[in-house]
Amino acid sequence: METLPSYNCIIHLEKFPTFTIEKAMCNHGFFMMAPNCWEPSTKSFSRPLRLADSTSVMTFISQPPGKDHLVIKVYGASILWLKDELAIQSQVKRMLRLSDMDEQDVRDFHKLHPEAEAKGFGRLFRSPTLFEDVAKSLLLRFCPWKTSLDLAKALCFLQYKKFKSKRKRANISSYGDFPNAEELASFSEKELKGKGNFGYRARELIMLAKQVVDGEIYLSKFEKDHIGTEPNWSKLKINGAGPFTIKTIMMCAGYYSYIPIDSETMRHMDEFHGLKVHKRKRGSINLQIRDKIQQIYKRYDPFQSLAYWFELVNSYETELGKELSELLPSEYHHVTGNYEKEKKKF
DNA sequence: CCCGTTGGGTTAGGGGTTGC
DNA sequence: GCAACCCCTAACCCAACGGG
């Protein structure tokens, strides 16, 4: 890869004094999911990103020590059109929440949560597009964490096999980019199931992609913007996305008021807040429990889920005995609340 | 021949959403 | 309120095997 021509995009960070690359990258499960690739020893990140015409190109992102800018090395071209440079920059800014609005949110959150400020926590990592966030949120449900990781890999592999461009500067990673809506919509259930064990998720993912392509689901309506008018979340109807998934998507979009409640949440509430819940039956979470959990984080309003996520990350790091940014990819599947129990077997 | 280890096969349980 | 959706893995059981 080093022998390929490359072009450096710069993102200036003067306006974001709270930013450090490892804290902005390594705080959410999504940073471990393909095609994202974090290298702990060099504190750098690589993955394919899209040029203005949707071509995938490999990029390498790092923060030179002591400098207040990010360098994005774009492989396969020695010069980029302005529109391509802007496209790359905007994807990186979305992943790392580098906007004036995000900076304001981080500051407001830190006023309510000095402990999070001290630990540099506040920018929740997300994908270059909301579509990828939504698709990955669907991969989180009803399966072990390792399966979610494997399915994301499978999608990238399928994208590579089907869409590797003939152009020389195209994708050069060992697996491909995360499929965009058009690409995912072009797959059949059979194609997906041929590579990974998607089960009923195959239909849901393809349906989502098709609805996005034909405009039935208009995702950018749900991105938080500078105007700040809250979207009507009840209008976001995605097959397979129930309360947990919608709240995960809300966090990604920049709305932090509601906790995405899953079995991990229940474990955490028990261990961290002494909220005993008799083992939940399959299916829906009772409304009283939901209220109790929301109450616990009321004082962080409107950043409840950030406060919750901060606790989760802390508990993982305590259990693992290191920061998430120090994890090797081979250790990712261990990151679950049951790590202690797992570890004893070794 | 007996006992402990290994392996393969089976079973149970875990996980969020949907639709009845 | 509950079963079905689909897959993974841990736990268990039992048979075959090897060493004493």
Side-chain angles (χ1 to χ4, degrees), chain A residues 28-30 32-34 133-155 157-158 184 187-212 216-217 222 233-253 258-271 276-294 305 308-309 312 315-316 319 329-346:
Chain A
H28 186 287
F30 283 1
M32 305 178 202
M33 289 173 98
D133 282 332
V134 172
K136 283 182 171 172
S137 299
L138 288 175
L139 298 181
L140 297 177
R141 300 158 313 140
F142 207 53
C143 65
W145 172 229
K146 187 178 181 304
T147 304
S148 307
L149 293 171
D150 289 343
L151 293 179
K153 260 185 220 167
L155 285 176
F157 176 82
L158 288 163
L184 189 53
F187 283 101
S188 65
E189 274 184 54
K190 223 176 151 186
E191 281 176 284
L192 290 199
K193 287 179 177 172
K195 173 62 191 167
N197 291 320
F198 285 88
Y200 52 84
R201 293 175 192 83
R203 184 179 313 156
E204 293 169 350
L205 286 166
I206 292 165
M207 193 187 298
L208 163 74
K210 285 185 172 157
Q211 286 173 319
V212 167
E216 206 176 311
I217 295 176
F222 295 90
W233 289 98
S234 63
K235 290 263 171 68
L236 183 59
K237 293 209 187 309
I238 296 169
N239 201 272
F244 165 75
T245 310
I246 291 292
K247 269 136 209 167
T248 303
I249 295 168
M250 287 174 71
M251 287 205 316
C252 291
Y258 296 97
I259 316 291
I261 300 171
D262 63 357
S263 58
E264 266 301 85
T265 319
M266 300 313 234
R267 179 197 58 81
H268 178 71
M269 289 304 139
D270 178 15
E271 286 174 12
K276 294 279 175 210
V277 209
H278 36 262
K279 196 138 172 77
R280 178 166 68 98
K281 289 193 201 83
R282 269 245 203 300
S284 64
I285 291 136
N286 108 21
L287 283 177
Q288 287 172 341
I289 303 283
R290 196 169 299 180
D291 278 352
K292 273 188 190 166
I293 293 173
Q294 283 295 136
S305 62
Y308 161 69
W309 210 262
L312 264 194
S315 72
Y316 293 149
E319 281 165 16
S330 59
E331 301 173 293
Y332 287 169
H333 66 279
H334 286 313
V335 184
T336 124
N338 291 322
Y339 179 65
E340 275 303 318
K341 281 171 225 157
E342 268 189 49
K343 204 168 56 175
K344 294 200 178 91
K345 284 177 215 132
F346 295 105

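Each chain gets a letter, A, B and so on, in the order its sequence line appears, and its residues count up from 1.
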Charged N to carboxylate O below 4.0 Å: is that the case for A:R267 and A:E264? yes
B:dG14, OP1 or OP2 - any side-chain N/O from A:S263 closer than 4.0 Å? no
Which residues satisfy the side chain to side chain contact (heavy atoms under 4.5 Å, CB included) test with A:K210, sequence neighbours excluded? A:A185, A:I206
Return no unless some side-chain N or O of A:T147 is found under 4.0 Å from OP1 or OP2 of B:dG15. no
For A:S188, give me all partners under side chain to side chain contact (heavy atoms under 4.5 Å, CB included), at least two apart in sequence or on another chain. A:K190, A:E191
Just jot down the side chain to side chain contact (heavy atoms under 4.5 Å, CB included) partners of A:Y332, sequence neighbours excluded, or say none. A:F31, A:M32, A:W38, A:L149, A:L327, A:P329
A:Y258, OH atom: more than 12 neighbouring heavy atoms under 6.0 Å: no
Euclidean distance, atom CZ of residue A:R141 to atom P of B:dT17 [Å, nearest integer]: 7 Å
Just to be sure I understand the rule, does A:L139 reach a base, reach only the sugar-phosphate, or reach nothing, if contact means heavy atoms closer than 4.0 Å? nothing
Separation of B:dG15 P from A:Y200 OH (nearest whole Å): 13 Å
Separation of B:dT17 atom P from A:N239 atom CG, nearest Å, is 12 Å
Atom-to-atom span, CG of A:L149 to P of B:dG15 - whole angstrom: 17 Å
Spacing between A:K146 atom NZ and C:dA10 atom P, to the nearest angstrom: 10 Å
Nearest-Å distance for atom pair CD/P, residues A:E264 and B:dG16: 9 Å
Using C1' atoms of five pairs at each end, report the bend of the helix from B:dC1-C:dG20 to B:dC20-C:dG1 rounded to 10 degrees. 40°
Distance check needed: C:dA4 C1' versus A:E204 CD, whole Å only. 13 Å
Distance-only donor-acceptor hits, side chain of residues 235-249 of chain A, under 3.5 Å, sequence neighbours excluded:
residue: A:K237; atom: NZ; partner: A:S234; partner atom: O; Å: 3.1
residue: A:T248; atom: OG1; partner: A:F244; partner atom: O; Å: 3.0

In whole angstrom, give the distance that lies between atom CG of A:L151 and atom C1' of C:dC7. 9 Å
The nucleotide from B:dT17, C:dC8, B:dG15 with an atom nearest the side chain of A:N197 is C:dC8
Sorted by chain and number, sequence neighbours left out, side chain to side chain donor-acceptor pair (under 3.5 Å) with A:Q211 holds for A:E216
